[in-house]
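These notes concern the structure reproduced below.
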Amino acid sequence: MEEKTANYTLVTDPKELPRVVNALEEAGAVGADTETTSLSPRDGEARLLQLATPDETFIIDLFEVRDISPLKEVLEGGPVKIFHNSKFDFQFLKELHGISAAPVFDTMLAAQLLDGGRQGAAYGLDAVAERYLDESPDKSEQRSDWSGKLTGRQLEYAARDAAVLLPLREKLLEALEAEELVRVSKIEFAAVSSIAEMELAGVKLDVGRWKELEKTVRERRDEAALALEAHFPEPEGVLPLEGLGPRLNLNSPQQITDAFRSIGIELADTKVWTLLKVDHPAARDLLRYRELQKKLGTYLETYPKFIHPKTGRIHASFLQCRVPTGRLACASPNIQQIPHEEEFRRCFVAENGYTLVIADYSQIELRILAEVSDDPAFVSAFQKGEDLHSLTAATMYGVSMEEVTKDQRSDAKRINFGLMYGRGAKSLSAQLGTDEARGRQLIDEYFNNYPKVQRYLQRTANRATRDRTLRTLAGRVRKFSNDPVEDDRGAMRREAMNYPIQGSSADIAKLALAYISRDLRGLDARLVNSIHDEFVVECREELAPEVSEKMRGAMTRAGERILEKVPVEVEVVVSREWTK
DNA sequence: GTTGTGGGCCAC
DNA sequence: AAACGTGGCCCACAAC
């Protein structure tokens with residue numbers, strides 16, 4: 001049965017699908033949207049699939065037309081599908097209908113790229129349409145009940161949401177072209193399906209191990225709490241029995257500051273750096289307590305709550321264009337910030353019969369610094385496959401590469417990373433445990449050895465101050481606000497120095513995401529985590545050698561697409577646990 | 001009760 | 001006041 005009104009065609013009969021396919025095949029681009037009964041494809045269903053061509057908008061009632069396999073071919077190839085936040089729709093189509101939408105144009109990602117990492121802007125379809133089309137679609141039906149009998153208002157809303165994407169894409173495409181953001185937008189659009197599938201796959205937590213670890217860390221935490229409390233006197237006039245409850249909240253910086261004052265120690269704050277300078281065992285005990293409390297509260301007690309009852313796995317959310325530099329952010333939970341200690345990482349495992357393949361770029365940000373600065377010593381070190389930290393240490397301390405000690409290499413590593421982030425003599429010397437003059441001296445020597453690195457960093461900061469805009473190697477833009485306070489403090493200069501490095505690394509990583517999924521297609525293998533320069537794939541055990549080589553190849557090619565002079569190196573480890 | 005903010009700390 | 005870039009999250013605390 002087909003019901004046609006001025007605005008849309010409601011499809012409730014599978015026999016109508018061939019006509020929909022024909023119309024889509026003839027369109028150059030299709031506005032596409034879904035209305036769902038839940039925000040998660042694990043907890044709900046897609047009720048409507050709206051497909052808008054310039055001539056006609058189809059609304060397919062998926063409760064009436066359960067099988068949309070006739071649409072599979074045209075949705076997986078053919079005309080570009082325009083979505084707003086395509087990850088969301090992709091996941092419902094993939095999980096519930098086995099369809100991987102491609103190619104896509106995402107109006108939300110496009111708007112975010114055009115804003116150059118501006119914080120706080122709204123990126124709902126209504127806000128973006130208002131900005132680029134001077135009209136604002138009514139979103140009042142967005143959160144309405146899509147599981148029952150649908151009203152005319154709902155259907156009109158649904159049709160409009162898909163149809164508006166056609167003119168919106170045209171405007172955004174013009175803007176992307178004008179701002180030379182087409183290349184990076186293609187990288188983003190190609191990464192969507194990888195990120196969407198990675199979330200769908202989720203990651204397996206070995207709950208037995210995790211609970212065991214929780215128990216031991218809790219015991220350690222309780223011991224640390226007792227040791228810490230013992231430093232502080234009982235309040236006057238409290239009877240022994242009344243003192244049984246917690247008299248001092250050890251998690252409260254305020255109460256901790258008061259408690260330290262009571263034993264004659266004035267704290268400016270209770271940060272690690274401050275406490276390390278305090279020569280009293282209470283400071284040591286507080287740091288120990290904090291470390292364990294953090295692990296217990298943030299990770300051990302929290303992560304099991306995220307295991308989905310249906311899949312038994314943790315499905316984090318990756319936010320594709322939240323971070324101004326282009327990196328992925330991750331939330332609910334953030335599986336990019338699991339403590340690096342083996343006792344934590346070994347709890348993230350592969351299913352029985354499967355294994356993890358863990359691949360990471362070796363020193364990718366330093367390679368990018370070599371590329372963008374074109375410093376001869378830097379570039380040639382990477383071209384020769386030398387260890388850059390050792391080289392830095394050798395030249396700074398005036399010894400040969402073989403003579404470099406562990407400590408010297410470790411100092412050089414801190415300097416290499418620190419200067420990339422705009423670090424100064426004061427904080428560097430503090431980290432290295434030396435005085436400021438020595439820090440200054442080390443930085444000067446460093447820049448003497450790598451003069452083009454210094455020139456690059458200064459020029460980049462200057463350009464950002466002048467133009468208020470910078471680009472990564474793939475052309476991603478960051479716009480810097482004109483904030484005199486930040487300029488004064490040098491914060492903007494440091495952000496500027498870091499942006500092309502961190503941002504180009506993100507360019508490479510996003511390209512790699514797309515390449516990895518493409519190269520693993522057809523194999524029983526899937527991405528399960530992405531941590532900036534590291535990718536974790538879960539695959540059948542017997543596929544590990546093949547998957548390893550495919551990941552290495554995909555990541556290398558992604559790097560080579562962005563870096564012209566400097567080679568990239570990828571390290572691959574196969575393990576049933578997320579350890580190296 | 002919910003919401004917002006700041007201190008503090010985990011990752012790369 | 002701090003002086004290291006990018007995030008997310010826990011907790012305390014205050015306001016509503």
Side-chain angles (χ1 to χ4, degrees), chain A residues 117 119 246 248-258 267-275 286-287 289-303 305-306 316-341 344-345 348 360-366 368-369 414-432 436 439 443 457 460-461 464 470 472 478 480 485-486 488-506 509 529-535 578:
Chain A
Q119 295 285 13
L248 166 65
N249 185 345
L250 303 176
N251 299 323
S252 161
Q254 204 170 295
Q255 294 184 38
I256 283 290
T257 306
D258 290 343
L267 296 173
D269 55 57
T270 63
K271 291 178 185 158
V272 173
W273 191 76
T274 308
L275 290 165
L286 175 57
L287 287 171
Y289 170 81
R290 281 256 187 80
E291 178 201 340
L292 297 165
Q293 179 58 33
K294 169 80 177 175
K295 286 177 171 161
L296 210 51
T298 305
Y299 306 106
L300 295 164
E301 294 172 346
T302 306
Y303 278 45
K305 296 178 191 154
F306 285 101
S317 299
F318 288 90
L319 310 162
Q320 193 169 339
C321 282
R322 144 106 36 125
V323 184
T325 60
R327 270 190 181 180
L328 294 185
C330 181
S332 311
N334 183 349
I335 54 172
Q336 293 182 322
Q337 54 157 183
I338 313 288
H340 201 275
E341 288 104 305
F344 282 85
R345 299 258 168 138
F348 292 83
D360 70 309
Y361 284 111
S362 161
Q363 301 182 351
I364 191 66
E365 292 197 344
L366 284 173
I368 292 164
L369 181 56
R414 289 168 200 266
I415 294 171
N416 273 325
F417 285 122
L419 295 184
M420 242 175 357
Y421 299 153
R423 202 162 189 172
K426 201 171 192 171
S427 77
L428 190 65
S429 53
Q431 192 195 21
L432 296 177
E436 198 180 331
I443 292 174
L457 292 171
T460 303
L470 287 175
T472 65
R478 177 160 183 188
F480 293 86
V485 179
E486 285 200 353
D488 266 6
R489 292 188 311 193
M492 198 272 264
R493 288 182 71 82
R494 289 192 297 274
E495 286 172 27
M497 288 187 264
N498 182 253
Y499 171 68
I501 302 169
Q502 196 182 117
S504 301
S505 171
N529 202 355
S530 160
I531 315 97
H532 310 307
D533 61 355
E534 172 181 347
F535 303 95
W578 185 23

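The model shown is predicted, which means the values in this text are computed figures rather than measured ones. Quick note: numbers below take in every heavy atom, side chains included, and nothing from hydrogens, waters or symmetry partners. First the proteins, then the strands, lettered A, B, ... as listed; each starts at 1.
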Pair A/Arg345-A/His340, side chain to side chain contact (heavy atoms under 4.5 Å, CB included): steps then yes or no = CA-CA 7 Å; A/Arg345 299 258 168 138; A/His340 201 275; 3.8 Å; yes
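- Contact of the A/Met497 side chain with the A/Met420 side chain is not registered, since no non-hydrogen atoms from C-beta on lie closer than 4.5 Å.
- Annotation: side chain of A/Asn416 is not in contact with side chain of A/Gln363 (no heavy-atom distance under 4.5 Å).
- When each of A/Gly422 and A/Asn251 is assigned the nucleotide of DNA chain C bearing its nearest heavy atom, the one mapping closer to the 5' terminus is A/Gly422.
- Residues A/Leu432 and A/Ile415 form a side-chain contact, since some pair of their non-hydrogen atoms from C-beta on lies under 4.5 Å apart.
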Is there any protein nitrogen or oxygen under 3.5 Å from a nitrogen or oxygen in nucleotides 14-16 of chain C, and what are the pairs?
none

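- The separation between A/Lys271 atom NZ and C/dC4 atom C1' is 13 Å, rounded to whole Å.
- Counting non-hydrogen atoms under 4.0 angstrom, A/Gly418 reaches nothing in the nucleic acid.
- Listed nucleotides: C/dG8, C/dC4, C/dA2. Nearest to the side chain of A/Ala329: C/dG8.
- Across all strands, A/Ser505 comes closer than 4.0 Å to no nucleic acid atom at all (heavy-atom distances).
- Within the 4.0 angstrom heavy-atom criterion, only backbone atoms of the sugar-phosphate kind lie near A/Arg478; the bases stay farther away.
- Rounding to the nearest 0.5 Å gives a distance of 11.0 Å between CZ of A/Arg423 and CZ of A/Arg494.
- Remark on DNA chain C: of its neighbouring residues A/Ser252 and A/Arg423, the 5'-side contact belongs to A/Arg423, judged by nearest-heavy-atom nucleotide.
- Residues A/Ala496 and A/Ala461 approach most closely at CB-CA, 4.1 Å, considering heavy atoms.
- In this model, the phosphate group of B/dG8 is approached by a side-chain N or O of A/Thr270 to a distance below 4.0 Å at OP1 or OP2.
- Classified by interplanar angle (parallel below 30°, tilted 30° to 60°, perpendicular above 60°), the ring pair A/Tyr303/A/Phe306 is perpendicular.
- Listed nucleotides C/dC11, C/dG7, C/dC4 differ in distance to A/Gln431; the shortest reach to its side chain belongs to C/dC4.
- The distance between atom CD of A/Glu436 and atom P of C/dA2, rounded to the nearest whole Å, is 15 Å.
- Protein atom CE of A/Met492 is 12 Å distant from nucleotide atom P of C/dT6, rounded to whole Å.
- Nucleic acid contact class of A/Leu319 (heavy atoms, under 4.0 Å, all strands): sugar-phosphate only.
- Spacing between atom CG of A/Leu287 and atom C1' of B/dC9 amounts to 11 Å, rounded to whole angstrom units.
- Taking OG1 from A/Thr325 and CD1 from A/Ile501, the interatomic distance works out to 11.5 Å, rounded to the nearest 0.5 Å.
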Please list each protein N or O that sits under 3.5 Å from an N or O in nucleotides 10-12 of chain B, with the distance.
residue, atom, partner, partner atom, Å
B/dC10, O4', A/Tyr299, OH, 3.2
B/dC10, O2, A/Gln337, NE2, 2.5
B/dA11, OP1, A/His340, N, 2.8
B/dA11, O3', A/Arg345, NH2, 3.2
B/dC12, OP1, A/Arg345, NH2, 3.4
B/dC12, O3', A/Asp533, OD1, 2.9
B/dC12, O2, A/Arg327, NH1, 2.7
B/dC12, O2, A/Arg327, NH2, 3.0

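- Partners of A/Phe417 under the ring-ring contact (aromatic ring centres under 6.0 Å, His included) rule, at least two apart in sequence or in another chain, are A/His389.
- Whole-Å rounding puts the A/Tyr499 OH to C/dG7 P distance at 12 Å.
- Of the inter-residue distances, the one linking A/Ser427 atom OG with A/Arg414 atom CZ reads 12.0 Å to the nearest 0.5 angstrom.
- Between the CZ atom of A/Arg493 and the C1' atom of C/dT6 there is a distance of 20 Å, given to the nearest Å.
- One P atom belongs to B/dG4, the other to C/dC4, and the distance between them is 31 Å to the nearest Å.
- Counting to the nearest Å, the C1' atom of C/dG8 and the CD1 atom of A/Ile335 are 13 Å from each other.
- Neither OP1 nor OP2 of C/dC4 sits under 4.0 Å from any side-chain N or O of A/Arg494.
- Atom OH in A/Tyr289 sits about 12 Å away from atom P in B/dC9, given to the nearest Å.
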